[in-house]
K.L.:
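Pasting a structure below so you can have a look.
Hydrogens, waters and symmetry mates play no part in the numbers below; they use all other heavy atoms, side chains included.
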Amino acid sequence: MAVKIKLKRLGKIRSPHYRIVVADSRTRRDGRAIEEIGLYHPVQNPSRIEVNAERVAYWLSVGAQPTEPVLAILKKTGDWQKFKGEPAPAPLLQPEPKAARPTFDAVSTEDEPKGEAITQKAKKADKKADEAKAESAESTEA
């Protein structure tokens, strides 16, 4: 029986996430697995990769063959280089912690309004009022 380390797809249509599983090579993509050994969430930024290094090393040592996508993941995590005896790759990027957003009260006290907003309608009304004052001033002069 040939054993493969492959991805099992889960999730909705446009938000996939995968489990890294060990399965018989004849089973379908999302079929029955012998063991789940990791996670891969490509949609998150940066992608989330979690691999149980001990179990990967065991399955590779007993002859399980990784598929191409899994091989790329194992190379990123360094498990493939450890298995082959090569130097480890650079560490993966860790997500930066998000800065706390200021609350509404803190923002409102910092910036006081500097003037009123003038809309196009207000400008037209002001022009009409100015014209009316100018006409009434001309009529009173005559």
Side-chain angles (χ1 to χ4, degrees), residues 1-140:
M1 171 169 83
V3 177
K4 291 237 180 220
I5 301 174
K6 57 186 181 178
L7 294 176
K8 179 179 182 179
R9 188 182 194 283
L10 301 168
K12 297 178 188 175
I13 292 175
R14 287 179 181 75
S15 63
H17 55 276
Y18 300 91
R19 291 196 180 141
I20 302 170
V21 297
V22 177
D24 182 8
S25 62
R26 297 170 289 187
T27 60
R28 56 187 192 264
R29 179 189 69 182
D30 302 335
R32 187 173 156 204
I34 297 170
E35 182 179 1
E36 293 180 2
I37 56 174
L39 299 172
Y40 174 53
H41 295 255
V43 178
Q44 293 182 358
N45 188 13
S47 344
R48 179 178 168 201
I49 299 173
E50 293 179 17
V51 178
N52 186 345
E54 294 174 3
R55 297 309 296 165
V56 168
Y58 167 77
W59 283 106
L60 290 173
S61 69
V62 296
Q65 296 296 313
T67 59
E68 288 183 26
V70 173
L71 182 61
I73 292 171
L74 294 179
K75 284 182 179 179
K76 284 189 186 248
T77 60
D79 294 320
W80 183 254
Q81 287 87 343
K82 191 184 297 182
F83 173 69
K84 288 293 188 179
E86 299 172 357
L92 294 175
L93 293 176
Q94 296 298 325
E96 297 177 7
K98 293 184 178 180
R101 294 173 61 181
T103 62
F104 179 75
D105 296 332
V107 173
S108 64
T109 58
E110 293 172 2
D111 297 328
E112 292 299 322
K114 296 175 178 57
E116 293 185 24
I118 300 175
T119 61
Q120 294 295 330
K121 290 181 181 179
K123 286 181 183 179
K124 288 180 183 177
D126 290 342
K127 284 182 183 178
K128 287 182 181 178
D130 291 340
E131 290 173 2
K133 286 180 186 177
E135 288 178 12
S136 64
E138 287 177 8
S139 62
T140 56

K.L.:
If you compare all heavy atoms of P42 against all heavy atoms of H17, which two are closest, and at what distance to 0.1 Å?
P.N.:
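Looking at all heavy atoms of both residues, the closest pair is CD-CA, 4.3 Å.
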K.L.:
For V43 and S15, work out which heavy atoms get closest and say how close.
P.N.:
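Closest approach of V43 to S15, heavy atoms only: CG2-CA, 4.3 Å.
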K.L.:
Rounded to the nearest 0.5 Å, what's the gap from CD on E86 to CD on Q81? Could you check?
P.N.:
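Those atoms lie 6.0 Å apart.
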K.L.:
Which distance, rounded to the nearest 0.5 Å, do you find between the CZ of R19 and the CG of D30?
P.N.:
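The CZ atom of R19 sits 11.0 Å away from the CG atom of D30.
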K.L.:
Say whether, by atom type as modelled, one donor and one acceptor occur between the side chain of T27 and the main chain of A23 under 3.5 angstrom.
P.N.:
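Side chain of T27 to backbone of A23, a donor-acceptor pair under 3.5 Å: no, none is there.
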K.L.:
Under 4.5 Å between any side-chain heavy atoms of L7 and V70, yes or no?
P.N.:
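Result yes, sub-4.5 Å side-chain heavy-atom pair found.
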K.L.:
Do you know the tightest heavy-atom contact between S25 and K4?
P.N.:
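So the minimum-distance heavy-atom pair works out to CB-CG, 3.6 Å.
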K.L.:
Within a strict 4.5 Å, meaning less than it, do heavy atoms of the L39 and I20 side chains meet?
P.N.:
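A side-chain contact is absent here, since even the closest heavy-atom pair is not under 4.5 Å.
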K.L.:
So, taking the atom named CZ in R55 and the one named CD in E36, what distance separates them when rounded to the nearest 0.5 Å?
P.N.:
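Rounded to the nearest 0.5 Å, the CZ-CD separation comes to 13.0 Å.
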K.L.:
Kindly compute the distance separating CD1 (I73) from CD (E50), expressed to the nearest 0.5 Å.
P.N.:
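I73 atom CD1 to E50 atom CD measures 12.0 Å (nearest 0.5 Å).
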K.L.:
Could you tell me if the side chain of P69 sits less than 4.5 Å from the side chain of Y18, heavy atoms only?
P.N.:
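Y18 does not reach P69 side chain to side chain.
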K.L.:
So, for Y40 and S47, which heavy atoms are closest and what is the spacing to 0.1 Å?
P.N.:
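Distance-wise, the nearest heavy atoms are CE1-CB, 4.1 Å.
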K.L.:
Verify side-chain contact (heavy atoms from CB on, under 4.5 Å) between L74 and V56, making sure each step is shown before the conclusion.
P.N.:
CA-CA 9 Å; L74 294 179; V56 168; 3.8 Å; yes
K.L.:
So I34 and V21, do their side chains get closer than 4.5 Å, heavy atoms only?
P.N.:
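No, too far: nothing below the 4.5 Å cut-off.
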K.L.:
With rounding to the nearest 0.5 Å, note down the distance linking CH2 in W59 to CG in D79.
P.N.:
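It comes to 16.0 Å.
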K.L.:
Can you find a heavy atom in the side chain of V22 that is under 4.5 Å from one in the side chain of V3?
P.N.:
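V22 reaches V3 side chain to side chain.
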K.L.:
Let me confirm one number: the CZ-OG1 distance from R29 to T67, rounded to the nearest 0.5 Å.
P.N.:
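OG1 of T67 is found 12.0 Å from CZ of R29.
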K.L.:
Find out whether L71 and W80 are in side-chain contact, i.e. whether some heavy atom of one side chain is under 4.5 Å from a heavy atom of the other.
P.N.:
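Of all side-chain heavy-atom pairs linking W80 with L71, at least one is under 4.5 Å.
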K.L.:
Would you say the side chain of I5 lies within less than 4.5 Å of the side chain of I37, judging by non-hydrogen atoms?
P.N.:
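Of all side-chain heavy-atom pairs linking I5 with I37, at least one is under 4.5 Å.
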K.L.:
Please name the pair of heavy atoms, one in P66 and one in A64, separated by the smallest distance, quoted to 0.1 Å.
P.N.:
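Heavy atoms only, the tightest pair is CD-O, 3.7 Å.
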